[in-house]
Amino acid sequence: MTDTLKRTHTCGELGINATGNTVNLTGWVQRRRDHGGLIFVDLRDRSGLVQVVFSPGEYQAAFELAEGVRNEYVLALQGKVEARPEGTRNPNLATGDIEVYATRLQVLNQAKNPPFYITDGVDVDENVRLKYRYLDLRRPEMQQTLIMRHKVTMIMREFLDQRGFLEIETPMLTKSSPEGARDYLVPSRVHPGEFYALPQSPQIFKQLLMVAGMEKYFQIVRCFRDEDLRADRQPEFTQLDLEMSFAEPQDIQSMMEEMMVRIFRETKGIEVALPLQQLTYREAMERYGSDKPDTRFDLELVDISDIVADSDFKVFADVVHKGGQVKGINAKGSADMPRRQIDELTKYAAIYGAKGLAYIVLSAEGVKSPIAKFLSEAKLAEVIQRLQGETGDILFFVADKPQVVADALGHLRGELARRLDLIDSDVYKFVWVTEFPLLEFDEEEKRWVAKHHPFTAPMDEDLPLLATDPANIRAKAYDLVLNGYEIGGGSIRIHRREVQEKMFALLGLPQAESEDKFGYLLEAFEYGTPPHGGIAFGLDRIMMLLSRRDNIRDVIAFPKTQSASDVMSNAPSPVSEKQLKELSVRINILKK
RNA sequence: GGCCCCGUGGUGUAGUGGUUAACAUGCCUGCCUGUCACGCAGGAGAUCGUCGGUUCAAGUCCGAUCGGGGUCGCCA
């Protein structure tokens with residue numbers, strides 16, 4: 001047995017200037033075309049495809065071996081690069097001007113027939129792809145995505161390194177904390193009956209690194225949240241997490257803008273114009289009905305509460321008098337929308353709590369609307385004018401509590417944009433959303449909860465409201481939104497013990513508990529903590545947008561299904577009695 | 001936990017309650033010296049997710065269940 005042929009070139013790099021060279025290649029068989037007396041094999045490696053020719057005669061041994069080769073066999077071969085004969089060049093292939101005449105062939109491994117063909121644009125059940133993820137990841141588009149992901153993290157590391165940031169690891173086995181998402185718990189063997197929690201984020205540790213005088217920290221770090229999955233949410237996901245001492249919001253924001261510029265320039269060749277748009281939370285909610293607005297299209301929300309407050313249309317008037325509001329969207333040029341579609345949109349708005357979806361059709365034959373008869377001509381005209389309605393438009397309205405109006409119309413806005421094809425998928429629109437409320441009232445728990453997290457600092461001018469008007473305290477918080485996705489969020493943190501204690505008190509945390517859960521942080525604040533702030537980005541979401549996928553699974557090498565399981569390894573799975581015993585854990589499955 | 005969609009050879013699909021479940025592709029065998037989605041001829045390959053019900057008869061109708069996807073709640 002001779003030694004394995006050592007690779008001298010990659011498949012994808014061979015071009016016309018390599019003509020005459022003897023090369024050694026390794027790779028997988030993309031496809032074999034057997035003409036009896038002549039065999040073509042497309043050899044694939046990470047870099048691309050090249051056509052290898054086996055012909056009988058001088059290199060009979062290689063030819064005979066090639067007769068038995070099948071898709072996905074792993075080959076090493078030696079051959080001579082030649083320009084393809086006139087008329088046989090393949091313009092669809094990067095290496096299509098040349099081919100490799102094989103002189104030696106080694107079959108390094110055989111392959112079972114794969115459950116799906118290894119190629120881009122496969123239309124295969126995702127479950128099958130996930131079960132055979134190692135085959136799915138052989139597909140060039142999946143490899144390109146992971147290559148781009150690698151590039152992005154390299155850019156982030158280089159960018160932050162150049163600015164004096166240190167990459168520092170923080171623990172994965174941490175302490176469970178009361179606020180926030182459900183924790184993944186890990187039982188402790190050494191401390192029977194006690195549990196670690198996997199980090200939802202390294203929040204407290206990075207703040208302690210600021211106390212420790214590290215000044216600038218970052219980490220590309222896995223985070224865990226035991227909540228239900230979505231297209232853009234996995235139970236374990238990756239953040240670019242960073243924190244900086246002596247920073248104001250604009251320091252963090254402008255630096256992150258520059259990082260985004262570099263990422264988009266170096267991965268997509270897109271120049272992002274700075275500075276990025278900024279919206280306050282209030283403005284975002286008023287105009288877009290969302291704190292993560294997709295600003296690639298208009299369809300802005302328009303308030304007509306004042307017009308209809310004293311109208312004869314009781315549904316609208318009552319809502320306004322009870323402190324609610326009535327807002328509308330002008331779907332330009334959609335007056336010909338069939339009734340069936342309007343019904344669908346009504347159903348869609350109902351998902352978000354809207355009890356109805358009123359509409360006014362401005363058709364060529366005049367105004368058509370089930371609500372027009374309740375409005376005087378003057379009011380109707382005023383409403384139409386407020387929404388800049390013209391013949392050919394259709395106006396949609398929702399009347400409810402502000403939160404429901406925003407939610408329903410905010411989502412309807414997106415749905416209309418998709419249906420009316422208003423979204424240019426080549427466009428990337430960033431927007432900072434700032435001045436978030438520090439707190440929001442949890443109706444179920446009947447208490448205030450932190451909108452961002454309990455370590456977020458209030459805006460200085462709102463500090464007096466801590467005691468009097470918690471609802472209207474704004475936070476020194478900022479989210480970066482891209483095309484309607486929250487890709488990052490951060491804040492300036494509380495760095496004084498007494499403010500942090502006030503915050504915990506506002507959240508209804510008994511002092512004993514805040515001492516038990518966060519005492520180490522509070523104590524740290526007493527030893528000279530610098531003002532500090534930071535931000536965390538969802539790397540998976542950024543990659544999803546950069547690679548124009550509509551789910552996060554496609555940019556994660558080994559993602560989990562919606563039921564948080566891994567269909568390849570079959571995790572999670574039961575464990576042995578012995579393991580449970582060591583952990584002092586007993587299983588008690590409650591019936592549904 | 002709620003709502004919506006999907007489940008048929010390896011893969012992707014078709015399939016009026018009624019014959020031997022159809023088509024494409026892949027696979028296997030044979031032939032083929034310029035293909036690149038090679039071609040030609042032949043062949044194998046299906047517990048129609050599972051369980052139950054309705055019916056003379058169920059891939060098809062009904063119910064449950066399992067799995068997958070989307071979404072509301074949830075996600076500081």
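In this text, all values refer to a predicted model and were calculated from it rather than measured experimentally. Every heavy atom of this structure was used, including side-chain atoms; hydrogens, water molecules and symmetry mates were not. Chain A is the first sequence line, chain B the second, and so forth, proteins listed ahead of strands; every chain is numbered from 1.
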In whole angstroms, how far is the [atom2] atom of [N] from the [atom1] atom of [X]?
X	N	atom1	atom2	value
Arg129(A)	G69(B)	CZ	P	11 Å
Asp183(A)	C74(B)	CG	P	18 Å
Gln562(A)	U71(B)	CD	P	8 Å
Asp125(A)	U13(B)	CG	P	8 Å
Arg541(A)	C75(B)	CZ	P	14 Å
Glu72(A)	U11(B)	CD	C1'	14 Å
Gln110(A)	C28(B)	CD	P	12 Å

For [X] and [N], is the shortest distance between a side-chain N/O and OP1 or OP2 below 4.0 Å?
X	N	answer
Arg553(A)	G70(B)	yes
Arg33(A)	C38(B)	yes
Tyr352(A)	C72(B)	yes
Ser55(A)	U33(B)	no
Ser565(A)	G68(B)	yes
Arg89(A)	G34(B)	no

Taking the [atom1] atom in each of [N] and [M], what is the distance between them to the nearest angstrom?
N	M	atom1	answer
A57(B)	U19(B)	C1'	13 Å
A21(B)	A46(B)	C1'	9 Å
G59(B)	U20(B)	C1'	15 Å
C48(B)	G9(B)	P	9 Å
G10(B)	G49(B)	P	13 Å
G17(B)	G73(B)	C1'	40 Å
G53(B)	C72(B)	C1'	33 Å
C5(B)	C61(B)	P	13 Å

Counting only N and O atoms by type, is there a donor-acceptor contact under 3.5 Å from the side chain of [X] to the main-chain atoms of [Y]?
X	Y	result
Asp566(A)	Ala571(A)	no
Arg413(A)	Asp294(A)	yes
Ser290(A)	Lys292(A)	yes

Could you tell me which nucleotide pairs with [N] by Watson-Crick or G-U wobble geometry, both distances under 3.5 Å, or answer none if nothing does?
N	value
G7(B)	C66(B)
U54(B)	none
A22(B)	U13(B)
U60(B)	none
U33(B)	none

Check this for me: does the side-chain of [X] come within 3.5 Å of the base of [N] through a donor and an acceptor?
X	N	result
Arg233(A)	C75(B)	yes
Asn551(A)	G69(B)	no
Tyr348(A)	G70(B)	no
Arg84(A)	U35(B)	yes
Glu444(A)	G73(B)	no

Rounded to the nearest 0.5 Å, what separation is found between the [atom1] atom of [X] and the [atom2] atom of [Y]?
X	Y	atom1	atom2	result
Ser565(A)	Leu229(A)	OG	CG	9.0 Å
Leu208(A)	Thr170(A)	CG	OG1	10.5 Å
Arg549(A)	Asp540(A)	CZ	CG	14.0 Å
Met142(A)	Ser547(A)	CE	OG	9.0 Å

Over all strands shown, is [X] touching base, sugar-phosphate only, or nothing at heavy-atom distances under 4.0 angstrom?
X	value
Pro115(A)	sugar-phosphate
Asn92(A)	nothing
Tyr184(A)	nothing
Pro114(A)	nothing
Glu99(A)	base

I want to verify a distance call: between [options], whose nearest atom is closest to the [X] side chain?
X	options	result
Arg230(A)	U35(B), G73(B), G70(B)	G73(B)
His411(A)	C72(B), U33(B), C74(B)	C72(B)
Asn113(A)	U33(B), U11(B), G26(B)	G26(B)
Gln51(A)	G69(B), C72(B), U35(B)	U35(B)
Glu227(A)	C27(B), C36(B), C75(B)	C75(B)
Arg70(A)	C28(B), C36(B), G68(B)	C28(B)
Asn127(A)	A37(B), G67(B), G70(B)	G67(B)
Asn71(A)	C74(B), G12(B), C27(B)	C27(B)
Thr88(A)	C36(B), U71(B), U11(B)	C36(B)
Ser563(A)	G34(B), G68(B), C36(B)	G68(B)

_Aromatic-base stack, His35(A) on C38(B), cutoff 5.5 Å, angle under 30_ =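 It does: the ring sits over the base of C38(B).
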*pi-stack flag for Phe116(A) and U11(B), centroid dist under 5.5 Å, interplanar under 30°*: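 No, Phe116(A) does not stack on the base of U11(B).
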_Do Asp136(A) and Leu130(A) have side chains that approach each other closer than 4.5 Å (heavy atoms only, starting at C-beta)?_
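Sidechains of Leu130(A) and Asp136(A): no contact.
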_If you assign Val124(A) and Arg182(A) each to the RNA chain B nucleotide with the nearest heavy atom, which residue ends up on the more 5' nucleotide?_
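On the 5' side of the pair lies Val124(A).
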*Nearest nucleotide by nearest heavy atom, which residue falls closer to the 5' end of RNA chain B, Asp42(A) or Asp123(A)?*
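Residue closer to the 5' terminus by nearest nucleotide: Asp123(A).
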*asked:* Whether Lys517(A) and Glu179(A) form a salt bridge (side-chain N of Lys/Arg under 4.0 Å from carboxylate O of Asp/Glu) is what I want to check.
replied: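 Looking at Lys517(A) together with Glu179(A), the answer is no, because their closest N to O distance does not fall below 4.0 Å.
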*Are the charged groups of Glu227(A) and Arg233(A) less than 4.0 angstrom apart, N to O?*
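Between Arg233(A) and Glu227(A) there is no salt bridge, as every charged N stays at least 4.0 Å from the carboxylate O atoms.
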